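Some notes on the structure that comes next.
Because the structure is a prediction, the values reported are computed rather than measured. Only heavy atoms go into these numbers, but all of them, side chains included; no hydrogens, no water, no symmetry mates. Proteins come first, then strands; the chains are lettered A, B, ... in the order of their sequence lines, and each starts at number 1.
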Amino acid sequence: MHIPDGILDPKVWVTAAAVSGIVLARSVRYSKHKLEHRTVPMMGAMAAFIFAAQMINFPLLGAAASGHLIGAALSAILFGFWPSTLIMSTVVIIQAVVFQDGGITALGANILNMAIVAPAAAVLMHKLLQKLSLPAVVSAVVSGWVSVIAVAVVGALLLALSGVVPLELALGTLLFWHAFIGIGEAVITAVVLPFALRSSFTLSNNKEMLL
Amino acid sequence: MSKRIIAWIAASLVIAGILSLFASSHPDGFEKAGEETGYIEHASTLLPAPMPDYSLPGIDSWISSSISGLAGVLITFAVFVFFGKRLGRKTR
């Protein structure tokens with residue numbers, strides 16, 4: 001879900017950029033208080049891993065379409081919401097600036113989607129499922145899938161607000177493809193999570209960070 | 001740098017440098033939906049990037065996308081650590 005330049009209406013991408021800016025300013029303020037120095041390299045390694053994993057487009061149902069990991073659920077479950085916004089933003093900004101994957105004017109919208117909405121959805125789902133004391137793998141799978149669905153919904157809203165496609169059509173088409181892409185996200189999240197936890201890729205104050 | 005960090009970077013380099021060569025080249029969900037509903041026609045490029053579409057300009061070979069992937073992993077790690085160290089709190 002990397003929106004290129006030219007599709008979003010200026011009032012939509014300016015608003016999205018403003019919202020992303022406000023949230024990231026909070027993330028930065030938060031990390032100044034809470035983020036410990038020694039945890040930075042492991043979060044950097046997770047950012048690098050997510051960048052790499054996003055390059056792997058997997059085919060969908062023999063259709064002429066593909067999908068790839070977002071990684072927001074993975075980083076949000078490991079590090080919590082605020083740190084994961086910084087991890088995901090780093091990936092999304094580098095993709096846009098260095099690799100032309102996602103537009104420059106659409107950068108705020110892409111950050112909003114993949115670095116704010118996706119980890120928020122994953123954290124909320126993860127917390128809810130933890131309360132029901134379901135197995136960790138179930139929580140990872142559901143949170144991963146839900147994070148992709150949330151991105152598809154917000155993406156459809158941004159497109160509809162830009163007037164390039166009617167809302168119902170955008171929702172229907174994006175949700176159709178992302179329901180399948182979400183399965184990929186769910187599987188990869190559930191498979192990688194135990195390896196990351198074995199490497200102690202998590203924060204001592206994770207409970208607090210999730211808030 | 002600890003062994004586990006090096007192991008994750010190494011795995012990321014393998015994924016981005018080698019495994020990525022076998023990735024599907026079909027349009028992703030967003031592009032596919034854009035083809036079906038028409039919005040993708042509006043797509044344009046405003047800012048030329050050094051490695052557009054994960055390739056080195058002028059080099060038409062698998063090496064081009066492989067090097068882009070390796071570079072991306074290292075850049076991502078370096079940028080995060082550079083800013084993270086400045087943002088983070090020094091403790092213990």
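Contact annotation for A/Ala53: only backbone heavy atoms (N, CA, C, O) come within less than 4.5 Å of a heavy atom of chain B. Heavy-atom distances place both the backbone and the side chain of B/Ala43 under 4.5 Å from chain A. The contact between A/Ile94 and chain B is made entirely by side chain atoms (from C-beta outward), counting heavy-atom distances below 4.5 Å. Contacts between A/Ile7 and chain B at a heavy-atom distance below 4.5 Å involve backbone atoms as well as side-chain atoms. For A/Leu60, no part lies near chain B; criterion is any non-hydrogen pair under 4.5 Å. Interface residue A/Leu159: only side-chain heavy atoms are found under 4.5 Å from chain B. Heavy-atom distances place both the backbone and the side chain of A/Leu86 under 4.5 Å from chain B. With a threshold of 4.5 angstrom between heavy atoms, A/Ala196 approaches chain B through its backbone and through its side chain. Both the backbone and the side chain of B/Ile40 come within less than 4.5 Å of a heavy atom of chain A. For A/Met46, the part lying under 4.5 angstrom from a heavy atom of chain B is the side chain only. Proximity to chain B (any heavy atom under 4.5 Å) is shown, for A/Ile3, by both the backbone and the side chain. With a threshold of 4.5 angstrom between heavy atoms, A/Val165 approaches chain B through side-chain atoms but not through N, CA, C or O. If you measure heavy-atom distances from A/Ser200 to chain B, the contacts under 4.5 Å come from both the backbone and the side chain.
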Residue pair B/Tyr39, B/Phe30: steps toward the ring pair (Phe, Tyr, Trp, His ring centres under 6.0 Å) verdict: CA-CA 10 Å; B/Tyr39 63 73; B/Phe30 178 80; 5.2 Å; yes

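Note that CZ of B/Phe77 is 4.5 Å distant from CD1 of B/Ile9, once rounded to the nearest 0.5 Å. Here the CG atom belonging to A/Leu174 is positioned 13.0 Å from the NZ atom belonging to B/Lys32, to the nearest 0.5 angstrom.
Taking the ring axis of A/Phe195 as reference, the NZ or CZ atom of A/Arg198 stays within 45° of it and closer than 6.0 Å to the ring centre.
Counting only heavy atoms from C-beta outward, the side chains of B/Glu36 and A/Leu169 never approach each other to under 4.5 Å. The side-chain heavy atoms of A/Leu157 and A/Leu167, taken from C-beta on, include a pair separated by under 4.5 Å. Within the 4.5 Å cutoff, the side chain of A/Phe79 has heavy atoms near those of the A/Phe201 side chain.
Contact count against chain B (heavy-atom pairs under 4.5 Å) is highest for A/Asp5 among A/Asp5, A/Val164, A/Asp101. Of the listed residues B/Ser55, B/Gly34, B/Ser44, B/Ala7, the one with more heavy-atom pairs under 4.5 angstrom with chain A than any other is B/Ser44. Contact count versus chain B (heavy atoms, under 4.5 Å) is highest, among A/Ile93, A/Leu8, A/Ile87, for A/Ile87. Your options are A/Arg29, A/Gln54, A/Met43, A/His68, and the one with the most heavy-atom pairs under 4.5 Å with chain B is A/Met43. Most heavy-atom pairs under 4.5 Å with chain A, from the set B/Pro48, B/Ser2, B/Ala33: that is B/Ala33.
Judged purely by distance below 3.5 Å, without hydrogens or angles, the side chains of B/Asp28 and A/Ser66 never pair a donor atom with an acceptor atom.
Across all non-hydrogen atoms, the minimal contact from A/Ser20 to A/Gly108 is OG-O, 2.7 Å.
Exactly one residue among A/Arg38, A/Lys34, A/Lys32 makes a salt bridge (charged side-chain N to carboxylate O under 4.0 Å, His left out) with A/Glu36. That residue is A/Arg38.
The aromatic rings of A/Phe49 and B/Trp8 sit perpendicular to each other, their planes meeting at more than 60°, with 30° as the lower class boundary.
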